[in-house]
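Quick notes on the structure that follows.
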Amino acid sequence: MDAIPMTGVGKIFKVELRCDAVSRLVTPIVAEVIGSPDATIMVQAGGRRGMTVNIQLPAGLEAKRKLVATALESYLFDCTVTTTPA
């Protein structure tokens with residue numbers, strides 16, 4: 001993040017900061033579990049728990065989906081792990 005996100009009235013936009021923080025937290029965890037930095041991680045505000053993380057693993061790593069989900073299950077955000085179609 002190059003600059004602190006601001007609202008239209010000049011206040012710090014905390015939702016975007018939280019999403020950035022979750023992305024920075026999840027990225028190295030997923031990379032360690034799958035043994036590669038090639039996963040696509042998208043974080044969005046919303047969902048049952050207030051934040052949703054969508055992780056797309058590269059093709060051929062279907063067996064790692066459960067491991068990634070298990071590594072992230074203790075965090076307070078919804079998480080979906082998919083793989084890129086071959």
**Request:** Report whether L17 and M6 are members of the same hydrophobic cluster (ILVMFWY, side-chain heavy atoms less than 4.5 Å apart, transitive linking).
**Result:** yes
**Asked** At what distance, to the nearest 0.5 angstrom, does CD of E16 lie from OG1 of T7?
**Response** 11.5 Å
**Prompt:** Is the count of non-hydrogen atoms from other residues, nucleotides or ligands lying under 6.0 Å from M42 atom CE greater than 12?
**Reply:** no
**Message:** If we ignore hydrogens and angles and just use 3.5 Å, is the side chain of T27 paired with the main-chain N or O of S23 as donor and acceptor?
**Reply:** yes
**Prompt:** Got a donor-acceptor contact below 3.5 angstrom from the T52 side chain to the G46 backbone?
**Reply:** yes
**Asked** Which atom pair, heavy atoms only, marks the closest approach of P37 to A31?
**Response** CA-CB, 4.1 Å
**Asked** How long is the gap from CZ on R49 to CG on L76, to the nearest 0.5 Å?
**Response** 6.0 Å
**Fill in**
side-chain hydrogen bond (donor to acceptor under 3.5 Å, both in side chains) pairs touching residues 54-69, sequence neighbours excluded, are none
**Asked** For the residue pair A45 and C19, what are the closest heavy atoms and their distance?
**Response** N-SG, 3.7 Å
**Asked** Tracing side-chain links under 4.5 Å among I, L, V, M, F, W and Y, which residues wind up in one group with M51?
**Response** V22, L25, V26, I29, V30, V33, I34, I41, V43, V53, I55, L57, L61, L67, V68, L72, Y75, F77, V81
